[in-house]
Trainee: 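Okay, here's the structure, questions in a sec.
Protein chains get the first letters and strands the later ones, always in sequence-line order, with residue 1 at the start of each.
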Number of protein chains: 2
Amino acid sequence: MSKTDKREEIVRAALELIAENGFHAAPMALIAERAKVGAGTIYRYFANKDVLISELYQELEQRLYPVILENYVENKPIRERFLRLFTDLIRYFIANPLDFRYLEQFHNSPYGTEYRRDKILGKREGCDVFRNLFEDGISQQVVKDLPLVILFDLAFGPIQAVTRDHILGFVTLDEAMVSRTIEACWDGIKR
Amino acid sequence: MSKTDKREEIVRAALELIAENGFHAAPMALIAERAKVGAGTIYRYFANKDVLISELYQELEQRLYPVILENYVENKPIRERFLRLFTDLIRYFIANPLDFRYLEQFHNSPYGTEYRRDKILGKREGCDVFRNLFEDGISQQVVKDLPLVILFDLAFGPIQAVTRDHILGFVTLDEAMVSRTIEACWDGIKR
DNA sequence: GTAAAAGGAATGAACGTTCATTCCTTTTGA
DNA sequence: TCAAAAGGAATGAACGTTCATTCCTTTTAC
């Protein structure tokens, strides 16, 4: 096994364990076991568990962005851009439930709160498409004139909730249901 | 200090610690210290930590329900009932941020997922006002004909998100902003 | 071409710490 | 005086992390 393979195996094992049952269910020894690697080996690639968790988060973000931007076109009507962006977002998460569950765990942990604070205070560059979309929407008067944070919550809140419920099996999001759900989100933020 | 006082102190200490920094930041020894009680005393009132956590959750639910039902009237238009219910819900959480943060922590833990599964599968009786409201809305054709779970997510998703962001100081929810946010939620679920 | 030597990646047993829980002593209240 | 309640030190399991050692690859020397 090559060097990068080992790193990948560690990251994959951590993703699986944490996504499936949360941080508390992923001791380093278990991550090592699932990655088929010695416990000490993890520390050749990551300084400690916090670093592993944070780097994994960043990797997932970096995988996600290009995919949802692939079909996104800036100079289209706001509504169309919104539907496209959020449809592709839900599709990505449905196709990659481990990624979704991991991001969720991360956001609901002290790591995530800190991260969010940095993003909102502008200390960290995020995926600016969303911000641009909402700002354009406000200035074109097709989106409600509410604080950006609230618009984000109105859009991402339901998306996160329905995706979680689909992955947990509480509801089935087929293409039609995804579409109707995102239309409903749009109804919430549009003027 | 009377017997019930001690129990209350333990519950209060646990609520504070867990709400402020999550389960991992609330070891039994610290709960005991903050409650001004011996570590062993906790076990006279709760069989173990899981029981303490679950009973505290149920207590918070039991405190919440009467408050949001206080001004709720069944035979009013759906829209009015929706606005009243969710406004009172947000107000309660803003007035009781520890309760909100605790419920959030609980819901985002394995306890919470299990709990939610039981509720959705009907194994546990919940606050049926919400279900009745949405079902009435659908049958009166004023609410979108979507699965109940999705309607819940469309309504509770944003509410949870904005409340969290208010409590974390990312936005300020004054009365006007609460009202506009809940109107936006209504726009999302109404036909 | 081959054997010896070096380098460094990988290992997992061992360590110190933290935690939930238990157990035994002390205090309380009737 | 005694049973119940409270206290907190003791316990052992679980955890993240370290480090002496092994193992494997690459380099060196002839």
Side-chain angles (χ1 to χ4, degrees), chain A residues 1-59 102 105-106 108-115, chain B residues 1-59 101-102 105-106 108-112 114-115:
Chain A
M1 205 189 300
S2 82
K3 182 164 176 173
T4 60
D5 278 352
K6 267 194 205 301
R7 206 195 110 102
E8 257 173 53
E9 283 300 297
I10 292 165
V11 163
R12 187 188 51 75
L15 171 61
E16 285 178 17
L17 287 169
I18 294 171
E20 281 161 12
N21 289 298
F23 291 113
H24 75 106
M28 294 298 257
L30 199 58
I31 294 174
E33 186 185 310
R34 190 174 287 211
K36 294 198 176 98
V37 139
T41 307
I42 297 179
Y43 291 85
R44 296 201 56 76
Y45 295 91
F46 305 95
N48 55 50
K49 195 176 184 180
D50 276 14
V51 169
L52 168 57
I53 286 169
S54 297
E55 288 199 11
L56 175 48
Y57 178 81
Q58 278 158 32
E59 280 191 36
Y102 184 91
Q105 297 279 354
F106 187 89
N108 291 317
S109 72
Y111 304 108
T113 305
E114 199 51 42
Y115 192 82
Chain B
M1 204 189 304
S2 81
K3 182 163 177 172
T4 61
D5 277 353
K6 268 196 205 298
R7 205 194 111 100
E8 258 173 52
E9 282 301 298
I10 292 165
V11 162
R12 188 189 50 74
L15 171 61
E16 285 178 17
L17 287 169
I18 294 171
E20 280 161 14
N21 289 297
F23 291 113
H24 74 105
M28 293 298 260
L30 200 58
I31 294 174
E33 186 185 310
R34 188 173 290 211
K36 296 198 174 98
V37 139
T41 306
I42 297 180
Y43 290 86
R44 294 201 55 76
Y45 295 91
F46 305 95
N48 56 49
K49 195 176 183 180
D50 276 14
V51 169
L52 167 58
I53 286 170
S54 296
E55 287 198 12
L56 174 48
Y57 177 81
Q58 279 158 31
E59 280 192 36
R101 297 274 287 155
Y102 185 90
Q105 297 278 355
F106 187 89
N108 291 317
S109 72
Y111 303 108
E114 199 51 42
Y115 192 80

Trainee: Which pair of non-hydrogen atoms, one from B:K49 and one from B:M28, has the smallest distance, and what is that distance?
Mentor: CG-SD, 3.6 Å
Trainee: Please report, rounded to the nearest Å, how far the P atom of D:dT17 is from the CD1 atom of A:I31.
Mentor: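 Value for this atom pair: 10 Å.
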Trainee: Just name whichever nucleotide pairs with C:dT22, Watson-Crick or G-U, keeping both distances under 3.5 Å, else none.
Mentor: D:dA9
Trainee: Within less than 4.0 Å of OP1 or OP2 of C:dT28, is there a side-chain N or O belonging to B:K6?
Mentor: no
Trainee: Return whichever of A:N48 or B:T41 has its heavy-atom-nearest nucleotide of DNA chain D closer to the 5' end.
Mentor: B:T41
Trainee: Given C:dT11, is OP1 or OP2 found less than 4.0 Å from the side-chain N or O atoms of A:Y43?
Mentor: no
Trainee: A side-chain contact here means heavy atoms from C-beta on lying under 4.5 Å apart; do B:R12 and B:L15 qualify?
Mentor: no
Trainee: Considering the options B:Y111, B:Y115, B:Y102, which one meets the ring-ring contact (aromatic ring centres under 6.0 Å, His included) requirement together with B:Y57?
Mentor: B:Y115
Trainee: Do A:L56 and A:F46 come close enough that some side-chain heavy atom pair is under 4.5 Å?
Mentor: no
Trainee: Whole Å only: how far is the CZ atom of B:F23 from the P atom of C:dA20?
Mentor: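 Value for this atom pair: 12 Å.
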Trainee: Is there a donor-acceptor contact under 3.5 Å from the side chain of B:S109 to the main chain of B:F106?
Mentor: yes
Trainee: Over how many whole Å does the gap from B:H24 atom NE2 to C:dA20 atom P extend?
Mentor: 12 Å
Trainee: To the nearest Å, how far apart are A:I10 CD1 and C:dT11 P?
Mentor: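 Rounded to whole Å, this separation is 9 Å.
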Trainee: Whole angstroms only, please: what is the CD-C1' distance between A:E33 and C:dT11?
Mentor: 15 Å
Trainee: Could you tell me the separation between the CD atom of A:E9 and the C1' atom of C:dA10, rounded to a whole number of Å?
Mentor: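 Rounded to the whole Å, the gap is 15 Å.
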Trainee: If I take atom CD1 in residue B:I42 and atom P in nucleotide C:dT22, what distance separates them, rounded to the nearest angstrom?
Mentor: 13 Å
Trainee: Please determine, for D:dT27, whether a Watson-Crick or G-U wobble partner exists with both distances under 3.5 Å, and give it or none.
Mentor: C:dA4
Trainee: Could you check which of D:dA6, C:dG8, C:dA20 has an atom nearest any side-chain atom of A:R44?
Mentor: C:dG8
Trainee: Without decimals, in angstroms, what is the distance between A:L52 CG and D:dG16 P?
Mentor: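 To the nearest whole Å, that distance equals 11 Å.
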Trainee: Can you figure out which of C:dA20, D:dG8, D:dA6 approaches the side chain of B:M28 most closely?
Mentor: C:dA20
